Structure formats: structure tokens, C-alpha cells
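In what follows, a structure is listed as C-alpha cells, so that the remarks can point back to it.
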Amino acid sequence: MTMQIELPKLDITKGPRFSPEQVTVVFVLGGPGAGKGTQCNKLVEDYNFVHLSAGDLLREEQQREGSQYGALINHYITEGLIVPQEITITLLKTSIENNFDKGYTKFLVDGFPRKMDQAITFEQIIVPSKFVLFFDCPEDVMLKRLLERGKTSGRVDDNIESIKKRFKTFQETSMPVINMFAEKNKVVKINCDQSVEAVYRDVQQGIKDRI
Ligand code: C5P
Ligand code: MG
């Protein structure tokens, strides 16, 4: 599908409304259905984090009346592909700035960066991440969770065809990003094939020396 849509410009010479030392960003990664959102919600309750889900921001933008990017986002999400970084990073930057203006400085950036270019650009023009929380989960467990969620989520991508494409994108495009951060010793890896409470205990244990 070809789309003649002009993407927002990412001006790398113009930084955000805050300096890197004023904010803390933790990237939250893992395959679809690994439980990123669930664990982020728990972290928000216990620590002073703002939870920003890249997928949620994209879905919001897709539904926003007057958005130029609605059709494009819908296409990428349905196909399990990564939306061009210009859109996602612009949404994240705006959201972090707006929260910063309200006095919030600690952010869980969930489902991002899903592709190497996003990782490099974000850390270059917004702020380097403090560390990465990686939720590791077998595909059969994620599949079961996503199909269950699909009964009520209303998401265009919680169906078997899209799920398979999302798994492929995760392995081919997102895993290299996690591996890159792991080489820099920035990854806290959590086994997600256990109860929500057990996963959360491991999360708290894993991050306690990093925050
Ligand atoms: O994280 P979540 O499962 O909500 O993401 C849903 C979809 O949003 C992804 O499969 C992908 O199409 C898109 N997305 C993206 N770039 C990101 C995060 C999500 O393109 N960084
Ligand atoms: Mg999510």
C-alpha cells in the first residue's frame, strides 16, 4: 500500500522543553501480550512514574478527529508493522513535555523503541533511557493472552492473523533493539510466564538498584 502522507518533521536541532538531566525514562519492552501494560500500571501505583504506552498514543492519534495519520496508523497496526518513527516520537515528545510542564519527571515508555532507528533517534533528541525493562515470555503464552484479550479489547490487531505478524515483527525488528541494550548492560530481564504478582515481585527486585 502506498501512501502519500507527509510525516511530521523531527527537528534534531531543536530539543524538547526539558534537559536530559531533568527527566528519567525507562523503556518497557517485550512481545505483544507479555504483560507490559499490566506491570506498568502496578509500577505507577507504587512509584512516581507516568505510564506512556506508545501503542495507546498511536491508537489515540488514529482515532483523533482531523488526524492526517489515522489511515496510515490503522494500516501499520493491523499489519503488525512499526509505524514510522516520526509519528511515534512526535507523540511521545509532546506527551513527555506536557507531563513535564505539570511537574512529572519519571516516565515508563511502554512498547518503545520497537525498532533500532527509534532507539537511536529518541536517545539522541529527547533523552537517553536509564535502563530497559524486558518482559520475556514464550509465544504460546502470549498468544493465549492476546486471544483472550481480543474477546473484549476491540483492538484491530488482537486476532490470529495480526498476532502472527506482530510476533514476526517482534523477533525480526524489536529483539535486535533489546539485544543492543543488553550489550550495554542496560536490560533488566523478567520472566513473564508466571502470575502477575510473581512477575511484579521480580520487577521490584530487578529495578531496586537502578532507581
Ligand atoms: O504496544 P502495542 O501492542 O499496543 O502496539 C500495537 C501496535 O502499535 C504495534 O503492533 C505497532 O503496529 C504499533 N507500534 C509501533 N511502534 C511502537 C509501538 C507500537 O508502530 N513503538
Ligand atoms: Mg500495551
Side-chain angles (χ1 to χ4, degrees), residues 1 3 5 7-8 10 25-44 49-64 67 69-96 107-123 125-126 129 132-135 137 139 141-143 145-150 152-178 180-181 190 192 196 199 203:
M1 173 155 117
M3 285 187 170
I5 292 173
L7 297 173
L10 278 177
V25 162
V26 174
F27 290 146
V28 181
L29 295 174
K36 302 183 292 293
T38 303
Q39 294 295 321
C40 282
N41 290 339
K42 295 180 80 67
L43 286 165
V44 166
F49 279 114
V50 175
H51 174 209
L52 299 179
S53 156
D56 286 351
L57 288 173
L58 287 167
R59 282 183 286 273
E60 245 168 61
E61 175 64 22
Q62 189 240 313
Q63 281 154 25
R64 186 173 63 82
S67 169
Y69 309 117
L72 183 149
I73 293 171
N74 188 56
H75 168 72
Y76 278 84
I77 288 184
T78 308
E79 292 301 317
L81 296 169
I82 307 302
V83 174
Q85 62 165 351
E86 286 82 357
I87 294 176
T88 314
I89 292 179
T90 301
L91 292 171
L92 281 171
K93 178 168 177 267
T94 304
S95 184
I96 293 174
F107 300 93
L108 291 171
V109 176
D110 161 9
F112 181 96
R114 289 272 235 298
K115 193 172 172 177
M116 199 63 84
D117 64 343
Q118 302 186 339
I120 292 165
T121 307
F122 184 96
E123 295 207 316
I125 72 171
I126 301 187
S129 60
V132 177
L133 252 182
F134 168 39
F135 292 108
C137 196
E139 261 185 26
V141 175
M142 296 196 287
L143 176 66
R145 289 182 186 166
L146 290 172
L147 290 175
E148 189 57 37
R149 183 174 80 184
T152 53
S153 69
R155 280 177 54 159
V156 295
D157 58 349
D158 281 344
N159 57 77
I160 190 71
E161 290 78 23
S162 291
I163 291 169
K164 281 189 190 152
K165 294 173 180 169
R166 291 158 74 195
F167 284 166
K168 183 166 152 46
T169 298
F170 176 69
Q171 280 308 330
E172 292 178 355
T173 310
S174 305
M175 243 356 261
V177 178
I178 296 166
M180 180 270 291
F181 283 120
I190 309 288
C192 292
V196 172
V199 172
V203 169

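Order of appearance sets the numbers: ligands from 1, and atoms from 1 within every ligand. Source: prediction; values computed, not measured.
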* Asked: Is the NZ atom of K115 crowded by more than 12 outside heavy atoms at less than 6.0 Å?
  -> no
* Structure fact -> Here the pair of heavy atoms bringing K36 nearest to G31 is NZ-O, 3.1 Å
* For atom 12 (O) of ligand 1, find the nearest protein heavy atom and state the residue, atom name and distance (0.1 Å precision). => L81 O, 2.6 Å
* **Side-chain donor or acceptor of T78 paired with backbone N/O of V156 under 3.5 Å** => no
* At their closest point, which heavy atom of L29 faces which heavy atom of P113, and how far apart are they? -> CD2-O, 3.5 Å
* What pair of heavy atoms forms the shortest contact from A119 to M180, and how long is it? -> CB-CE, 4.0 Å
* To do: May I ask you to identify the nearest protein heavy atom to atom 1 (O) of ligand 1, giving residue, atom name and distance to one decimal place in Å?
  => R114 NH2, 3.0 Å
* Asked: Nearest to atom 8 (O) of ligand 1, what protein heavy atom do you find, and at what distance?
  -> I77 CG1, 3.6 Å
* Taking only heavy atoms of G55 into account, list the atoms of ligand 1 that are under 4.0 Å away from them. => 4 (O), 5 (O)
* Which of the numbered atoms in ligand 1 are below 4.0 angstrom from a heavy atom of I82? -> 16 (N), 20 (O)
* Sidechain-backbone polar pair: R114 side chain, T173 backbone, donor-acceptor under 3.5 Å -> no
* Is E148 salt-bridged to R145, going by a charged N under 4.0 Å from an acidic O? -> no
* **Closest approach of any protein heavy atom to atom 21 (N) of ligand 1, naming residue and atom** => G111 O, 2.9 Å
* Identify the closest protein heavy atom to atom 20 (O) of ligand 1: which residue and atom is it, and at what distance? -> V83 N, 2.6 Å
* Determine whether the side chains of S67 and Q62 contain a donor N or O and an acceptor N or O closer than 3.5 Å. => no
* To do: List every atom of ligand 1 that sits less than 4.0 Å from any heavy atom of D157, numbering the atoms from 1 in the order shown and giving each element.
  => 6 (C)
* **ring-ring contact (aromatic ring centres under 6.0 Å, His included) evaluation trace for F122 with F27** => CA-CA 11 Å; F122 184 96; F27 290 146; 5.3 Å; yes
* Structure fact -> A54 heavy atoms within 4.0 Å reach ligand 1 at atoms 18 (C), 21 (N)
* Asked: At under 4.0 Å between heavy atoms, which part of K115 makes contact with ligand 1: side chain, backbone, both or neither?
  -> neither
* Side chain, backbone, both or neither: which part of R155 has a heavy atom under 4.0 Å from ligand 1? -> side chain
* Subset of ligand 1 atoms that lie under 4.0 Å from at least one heavy atom of Y76 -> 12 (O)
* Asked: Between R59 and ligand 1, is there a nitrogen or oxygen pair with a distance under 3.5 Å?
  -> yes
* Which protein heavy atom lies closest to atom 15 (C) of ligand 1, and at what distance to 0.1 Å? -> L58 CD1, 3.5 Å
